[in-house]
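Everything below concerns the one structure shown next.
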Amino acid sequence: MSFRTIIKHLQCNRRSFIDSISLARFNSSAPAVHPSRRSSISLQFQNVPQLQDQDPYSYLKEDPIEICSSIWVKAFASLPNSSFSDLSGFLSKFDLWVLAYQRSCADVTGSFPPRNAIHSHVLQDLLSLRNAVISGKFSWNRKANPLIQSPNDKSRTHLISKRKLQAMLESDEPCFQDRIVQEVLLKVIEPIFEARFSSKSHAFRPGRNAHSFIRTIRSNFAGYLWFLKADLSEIFRHVDENVVMGSLEKAIKDKTILRLVKSALQSPRQKRPRVEDNDVKKKKRKGLTKKKKILNENEPKPDPYWLRTFFNFAPEEAAKVPSYGHCGILSPLLANVCLNELDIVMEDKISEYFRPSKLDSIWRDSINDGCHNPAWPEFVPASGKEKTRKMDYIRYGGHFLVGIRGPREDAVRIRKEIIEFCESVFGIRLDNSKIEIEHISRGILFLDHVICRRIIHPTLRYTSSGGSIVSQKCVGTLLSVTASLEQCIRKFRRVELVKGDRDPEPLPCNPMLYSSQSHTNSQMNKFLETMADWYRYADNRKKIVGFCAYVIRSSLAKLYAARYRLKSRAKVYRIALRNLSRPLIESSNNSAPEYSDLLRMGLVDAIEGVQFSRMSMIPSCDYTPLPRNWVPHHENVLREYIKLQDQELYSELHKVVKRKGLSLPQDEISEIVWGYKTLGACHFKTNVGSEMEGARPNSFDREGKQETTELNNNGREINVSAFCGKRDNLSDKDLVVKK
């Protein structure tokens, strides 16, 4: 290997060392270069390490959380159509880069490093990365010679072979320094667009998730007959960069950030070429023995079994995550930026389509009137000419729902308009199979929940004109959101815990074969708790969680029967009870000590029973109503904070208080403090002078008010009136001094 190749493969960030070697090689070949040219080149090499000689600790001046908070406040305080052209100031703050490095290390190593534990050479490399980004010299996917190394990368001190170097360059794993730049860009860009995003989108956004989507469906989508269920996940795989940049430029005018995002979109991800066929790979795998992997010192531990199992239960709509070039964690935000154009268009269509009718039972006056209660049955579910025409829209990632209260012809027309919009703006050609029209009576599957209507027969009781109570039975419908049992069985088959469709048979939980009974039960309890929380807003929560508990409990019983040689599940239940909380011991090992003795000595862990073994232990559905104009808590806090920063608000409040003759809280507190000081001082002096002499029994005045008399040091009586805790009229007149 040549000297140049060794230097190239060192993968170290000692720029001064490399620059000195390059300068020495240049000086050795100096006779071939003109002296004036040689002096200019040497000056260039001397100017390179100037940025590296700066002290990185001198740039750590601010709190990164305060920087992020200032960006959020600035974004929410600005007008909706305003643009930001001075974001390079936030991009140059070194404290923000340190926070991005900490979050990137947590993603790679599994632990969040403290700020004071970061080494000086790492801060120096991080400073050079920041300077490269600001000066425009940064390039994505720079794996061969990165500016900063990953904490798990050992190539700083070890040479890399040619084969490993080629495999590293061809791998799809993103570069560590790219992740840091993506984190910084996300901290700067996300608040700007969160203030602009529509409230109709619920995916890849802080404070919004699948639960907020389901609760919005339950609260706002009662009364709709036709639904458009669309799949736009094609935009997650490929999108025109001009579409993304056009949406970004509407809010961001900073050239540095736009250049970084555009270069990340233009950079194609290198994929490893497939040389071997699948048949050849299978033949090679048969002869090889699978070795256990030993984790490195800084390598993060894999996710526990219960978490990996729960991830396999992700719905189809939530499992699709966009990926654009080298954007990485920026891809979901960029996808929402593009699809926000669709949200705005659909909001305009909602207001245009609305036609109220006085003859209808709901939405008779305005589009946001409160006359419709989603918990009350809708007695007129038809869509005749005398009914109100209304539609609503909600989106989760690349999938969205449109509820229409009107004829099917309107649904067909709206679908055609959506297809034309997507083709003209996003460049995506959609057919009718991507946007399906479904009736509420058949049920709509979304996020593994079925949205349908339930027919009920309530009894109405009212008083007639003659004064008699009349009872009348009628027919009504309620919106029902239930968990899909078929999808749950399908997910259990994916993790190999059941077999069969209509009558699923539980299978033993083989991955937990070599774990103890206490560890296995605790892992499965965490999984069941997570599943119960996932189906929190489903009408059939008890049924679906009970089925999950039955599968898990039967799977563990089969596992314990095989591990402890008990032959059947019935024998396992007979020994360990229904919830598998009692210890199981192998029948061949009769000399083993008792479990109670081992537990008392601390040699074994306590065995917790499998949860939800009874239907009464399963929590019911959460029917807490969601406000119609609901927004996340952090947005409410931001808007309240911005209002408090406005000086005009305080002047208006003072004018209102003076006009209505009200008392400010500050005035009431000052009166309470003054009364406490006055009464407290007198009471303290009387107790010090004579504990019992100055106290007299309580008496009542003519009006029946209780009076308390005390003596001060001068022998005078002080009459303190207690008006049942009312201190509004507390003043100096309440202290009556008598001779």
Side-chain angles (χ1 to χ4, degrees), residues 65 68-69 71-78 80 84 100 103 107 182-221 230-233 235-236 239 243-244 247-248 250-252 257 261 314-324 327-347 392-402 426 446-447 449 533-534 536-537 626-642:
I65 306 300
C68 296
S69 302
I71 301 175
W72 280 90
V73 172
K74 183 179 179 181
F76 276 79
S78 60
F84 296 84
R103 291 178 61 88
D107 181 70
Q182 293 164 8
E183 285 280 356
V184 175
L185 289 177
L186 185 65
K187 297 297 181 187
V188 176
I189 298 177
E190 185 180 32
I192 298 173
F193 286 98
E194 277 295 323
R196 293 167 169 260
F197 282 159
S198 171
S199 60
K200 305 294 184 180
S201 63
H202 290 261
F204 314 125
R205 296 185 60 186
R208 292 178 169 87
N209 49 24
H211 278 171
S212 64
F213 182 93
I214 295 172
R215 295 182 69 187
T216 305
I217 289 288
R218 185 187 295 278
S219 299
N220 301 346
F221 276 72
D231 181 9
L232 298 181
S233 58
I235 199 174
F236 287 178
V239 65
V243 176
V244 181
S247 302
L248 280 176
K250 292 180 180 179
I252 298 176
I257 292 181
V261 176
E316 179 186 0
E317 295 83 4
K320 295 180 180 179
V321 181
S323 178
Y324 302 143
C327 293
I329 58 177
L330 280 176
S331 299
L333 176 62
L334 298 179
N336 272 337
V337 170
C338 295
L339 292 173
N340 189 53
E341 304 290 336
L342 177 64
D343 300 341
I344 297 174
V345 172
M346 293 304 298
E347 286 180 352
D392 205 346
Y393 163 83
I394 190 170
R395 180 175 62 86
Y396 189 87
H399 299 73
F400 65 84
L401 281 177
V402 180
F426 302 138
F446 204 97
L447 288 175
H449 287 69
D533 184 70
W534 165 239
R536 181 177 181 178
Y537 300 101
L626 188 70
R628 191 171 296 274
N629 297 322
W630 173 85
V631 292
H633 177 67
H634 70 278
E635 292 188 10
N636 287 329
V637 172
L638 276 171
R639 300 190 188 280
E640 290 294 333
Y641 177 78
I642 293 170

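In this chain, numbering begins with 1 at the start of the sequence shown. Side chains included, hydrogens not; waters and symmetry mates left out as well; all remaining heavy atoms used.
Contact annotation: the side chain of D392 approaches that of F221 to within less than 4.5 Å [non-hydrogen atoms, C-beta and beyond]. By the 4.5 Å heavy-atom criterion applied to side chains, I329 and F204 are not counted as neighbours. Between P322 and I235 there is no side-chain heavy-atom pair separated by less than 4.5 Å. Proximity of F446 to L401: side-chain heavy atoms (C-beta onward) are separated by under 4.5 Å at one or more points. No side-chain heavy atom of S247 sits under 4.5 Å from any side-chain heavy atom of N340. Between F193 and I252 there is a side-chain heavy-atom pair separated by less than 4.5 Å. Proximity of R103 to K187: side-chain heavy atoms (C-beta onward) are separated by under 4.5 Å at one or more points. For the pair D533 and R536, the minimum side-chain heavy-atom distance is below 4.5 Å.
Annotation for R208 and S201: closest pair CD-O, 3.2 Å, computed over non-hydrogen atoms. Here the shortest heavy-atom pairing between P632 and P206 reads CG-O, 4.3 Å. Here the closest non-hydrogen pair linking A77 and I642 is N-CD1, 3.6 Å. What you find for S331 and Y324 is that their closest heavy atoms are OG-N, 3.0 Å. Shown here for A100 and E183, the closest heavy-atom pair between the two residues is CB-CB, 3.6 Å. The two residues A335 and F236 come nearest to each other via the heavy atoms CB-CE2, 3.8 Å.
Here CG of L638 is found 8.0 Å from OG of S69. Values are rounded to the nearest 0.5 Å. The distance from the CG atom of L626 to the CD1 atom of I217 is 11.5 Å, given to the nearest 0.5 Å. Once rounded to the nearest 0.5 Å, the distance linking NE2 of H399 with OG of S233 reads 4.5 Å. A distance of 10.5 Å separates CG in L248 from NZ in K250, rounded to the nearest 0.5 Å. Considering CG of L185 and CG of L333, their distance stands at 10.0 Å, rounded to 0.5 Å. The CD atom of E341 lies 11.5 Å from the OG atom of S198; values are rounded to the nearest 0.5 Å.
Within the 3.5 Å criterion, the main-chain N or O of G397 finds no donor-acceptor partner in the side chain of N336. Proximity of a side-chain donor or acceptor of N209 to a complementary backbone N or O of S212 within less than 3.5 Å is detected.
Exactly one of F426, F400, F197 qualifies for a side chain to side chain contact (heavy atoms under 4.5 Å, CB included) with L339. That residue is F426.
Taking the charged nitrogens against the carboxylate oxygens, R395 and E317 have no contact shorter than 4.0 Å, which rules out a salt bridge. Ion pairing of E347 with K200 is absent here, as no side-chain N (NZ or NE/NH1/NH2) approaches a carboxylate O to less than 4.0 Å.
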When you look at R205 and E190, which way does the side-chain contact (heavy atoms from CB on, under 4.5 Å) test go after all the steps?
-> CA-CA 9 Å; R205 296 185 60 186; E190 185 180 32; over 6 Å; no
Kindly determine whether L342 and Y393 satisfy side-chain contact (heavy atoms from CB on, under 4.5 Å), including the steps that lead there.
-> CA-CA 10 Å; L342 177 64; Y393 163 83; 3.9 Å; yes
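Taking the six-membered ring for Trp and the full ring otherwise, the centers of Y641 and F76 sit at least 6.0 Å from each other.
Ring-plane geometry between H211 and W534 is classed as parallel, the angle between the planes falling under 30 degrees on a 0 to 90 degree scale with a further cut at 60. Between H202 and W630, the angle of the ring planes stays under 30°, which puts this pair in the parallel group of the 30/60° scheme.
Within 6.0 Å of CZ on R215 lie more than 12 heavy atoms contributed by other residues, nucleotides or ligands.
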